[in-house]
Amino acid sequence: MVRIVNETEYAARRKEILDAAQQLMYTKGYEQMTIQNILNDLHISKGAFYHYFDSKGALLEALVERMIVEEVEPLLVPIVQDPHLPALEKLNRYFDTAVRWKTAKKTFMLELLRVWLSDENAIVRQKLFTMSAKRVTPLLAEIIRQGIQEGVFKTSYPDQICQVIIYVLQGLNDTIVELLISRETKRDPAHIESGMTIYTEALTDALERVLGTPKGVLHPIDPETLKEWFT
């Protein structure tokens, strides 16, 4: 007889698997972590695992989505919805909060970034990007619409501009990964820092041009916070 699992049991067991996987990512790394490690930690069967996740990649997607929903959005939504903040301040706080959250999760993020670069994880990489963009776009669009009303952003396409911003940010993210790997292969630290400075300035210039703001009003990445990734 097939055992019927109610929604509460299903959610609880799924959370247990995600919690175990996240802990293993910290201790072993994503590439070294196996599904068998999770089975051993939780004393469950392979069939039980596949009842909740059909692959290791699906597990990673669920981990990232959970972090966005449970940790990132509760930090960003209050900023976006604050009726007393002007759009420019909202956008700068949005950027700063997102970067600081990632920095606080540095160990997990570095594992995620290694997965991001791996050729065999290309499909997972695209799924993660699409999922993240889907959740982030409405928040950015709300800020941009407010900025258009206030006259500080000059664009007729707030939703489409959000997509542009997300792709620009992802481009910087990929560059940071490459520089982090350069650090691990012991390239010149001065070269890495110089590269980060140039790319950060280029990112800021691109965002200000896309949004039509005056030069020097956006601060997408705090240099001191960024340095923490290279220490």
Side-chain angles (χ1 to χ4, degrees), residues 1-77 98-99 101-141 159 162-163 165-178 180-181 184:
M1 179 181 292
V2 177
R3 180 173 178 268
I4 298 175
V5 180
N6 63 37
E7 291 184 6
T8 301
E9 287 180 296
Y10 182 92
R13 178 45 62 99
R14 188 175 186 273
K15 180 179 182 301
E16 286 180 357
I17 296 173
L18 289 172
D19 289 343
Q22 185 167 339
Q23 184 59 37
L24 284 165
M25 280 189 67
Y26 282 116
T27 58
K28 297 178 74 71
Y30 176 79
E31 297 295 349
Q32 288 70 40
M33 177 187 77
T34 66
I35 291 175
Q36 189 61 49
N37 292 143
I38 299 171
L39 305 185
N40 293 343
D41 280 3
L42 298 178
H43 305 290
I44 61 175
S45 68
K46 189 171 291 188
F49 174 88
Y50 285 111
H51 180 66
Y52 298 91
F53 305 100
D54 59 16
S55 67
K56 187 179 173 184
L59 178 65
L60 180 62
E61 290 174 47
L63 269 175
V64 173
E65 183 170 23
R66 183 175 75 162
M67 295 180 79
I68 292 174
V69 172
E70 295 182 2
E71 299 182 30
V72 180
E73 288 183 349
L75 293 174
L76 298 179
V77 169
V99 171
W101 177 83
K102 288 181 179 180
T103 303
K105 297 283 185 181
K106 181 178 173 181
T107 301
F108 180 88
M109 287 295 141
L110 286 174
E111 279 303 316
L112 188 59
L113 294 178
R114 290 187 179 95
V115 175
W116 195 268
L117 278 186
S118 175
D119 289 340
E120 59 264 29
N121 291 317
I123 294 176
V124 174
R125 178 168 66 242
Q126 185 57 44
K127 286 184 177 180
L128 289 176
F129 176 75
T130 301
M131 180 268 294
S132 300
K134 183 178 180 180
R135 301 203 70 96
V136 166
T137 297
L139 298 177
L140 281 174
D159 294 319
C162 284
Q163 296 293 330
I165 291 174
I166 289 169
Y167 276 98
V168 169
L169 291 172
Q170 187 54 53
L172 179 69
N173 182 75
D174 292 345
T175 300
I176 290 174
V177 175
E178 292 172 4
L180 284 168
I181 291 175
E184 292 179 351

*Asks:* Give a yes or no on whether the backbone of Thr34 and the side-chain of Lys28 come within a donor-acceptor separation of less than 3.5 Å.
*Replies:*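 Judged by distance alone, no pair lies under 3.5 Å.
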
*Asks:* Atom CD1 of Ile17 and atom CG of Leu63: how far apart are they, to the nearest 0.5 Å?
*Replies:*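 Reported to 0.5 Å precision, the distance equals 11.0 Å.
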
*Asks:* Where do Ala62 and Phe53 come nearest, in terms of heavy atoms and distance?
*Replies:*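 Minimum heavy-atom contact is CB-CE2, 3.5 Å.
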
*Asks:* Does atom OH (Tyr167) have a neighbourhood of more than 12 heavy atoms from anything else shown, all under 6.0 Å?
*Replies:*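 Count not over threshold, so no.
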
*Asks:* For Ser45 and Leu39, which heavy atoms make the closest approach, and how far apart are they?
*Replies:*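 The pair with the smallest heavy-atom distance is O-CD2, 3.5 Å.
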
*Asks:* How many angstroms lie between atom CE of Met25 and atom CD of Gln32, to the nearest 0.5 angstrom?
*Replies:*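 Answer for the CE-CD pair, Met25 versus Gln32, is 10.5 Å.
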
*Asks:* Measure the acute angle between the ring planes of His51 and Tyr10, then classify it against the limits of 30° and 60° as parallel, tilted or perpendicular.
*Replies:*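 Taking Tyr10 first and then His51, their aromatic rings stand perpendicular (interplane angle over 60°).
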
*Asks:* Measure across Met131 and Ile68 and return the closest heavy-atom pair with its distance rounded to 0.1 Å.
*Replies:*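 Shortest heavy-atom contact: SD-CD1, 3.9 Å.
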
*Asks:* Side-chain contact, heavy-atom cut-off 4.5 Å: Leu18 with Tyr52?
*Replies:*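 Sidechains of Tyr52 and Leu18: no contact.
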
*Asks:* Distance from Ile166 atom CD1 to Thr137 atom OG1, nearest 0.5 Å?
*Replies:*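 If I round to the nearest 0.5 Å, the distance is 3.0 Å.
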
*Asks:* How many angstroms lie between OG1 in Thr103 and NZ in Lys105, if you round to the nearest 0.5 Å?
*Replies:*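 Reported value, rounded in 0.5 Å steps: 12.5 Å.
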
*Asks:* Just how far is it from atom CD1 of Ile44 to atom CZ of Arg13, taken to the nearest 0.5 Å?
*Replies:*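 Taking CD1 in Ile44 and CZ in Arg13, the distance rounds to 5.5 Å.
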
*Asks:* What pair of heavy atoms forms the shortest contact from Asp54 to Ala58, and how long is it?
*Replies:*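 Closest approach of Asp54 to Ala58: OD1-CB, 3.2 Å.
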
*Asks:* Looking at Glu71, Arg14, Gln22, which one forms a side-chain contact (heavy atoms from CB on, under 4.5 Å) with Arg66?
*Replies:*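 Single side-chain contact (heavy atoms from CB on, under 4.5 Å) partner of Arg66 among Glu71, Arg14, Gln22: Gln22.
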
*Asks:* Supply the atom-to-atom distance Leu140 CG to Leu169 CG, rounded to the nearest 0.5 angstrom.
*Replies:*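 Rounded to the nearest 0.5 Å, the CG-CG separation comes to 7.5 Å.
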
*Asks:* With distance as the sole test, does Lys46 use its side chain to make a donor-acceptor pair with the main-chain N or O of Ile35 at under 3.5 Å?
*Replies:*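 It does not hold such a pair.
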
*Asks:* Would Gln36 and Asn40 count as having a side-chain donor-acceptor pair, cut-off 3.5 Å?
*Replies:*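 Per modelled atom types, Gln36 and Asn40 side chains form a pair under 3.5 Å.
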
*Asks:* Taking all non-hydrogen atoms of both residues into account, name the closest pair between Met33 and Leu24 and its distance.
*Replies:*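 Minimum heavy-atom separation between Met33 and Leu24: SD-CB, 3.6 Å.
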
*Asks:* So which atom in Cys162 and which in Ala141 form the shortest heavy-atom distance, rounded to 0.1 Å?
*Replies:*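 Minimum heavy-atom contact is SG-N, 3.1 Å.
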
*Asks:* May I ask you to check whether over 12 heavy atoms, not counting those of Lys102, lie within 6.0 Å of atom NZ?
*Replies:*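 Not more than 12 within 6.0 Å, no.
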
*Asks:* Taking side chain as C-beta onward, heavy atoms only, is Met67 less than 4.5 Å from Trp101?
*Replies:*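 Result yes, sub-4.5 Å side-chain heavy-atom pair found.
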
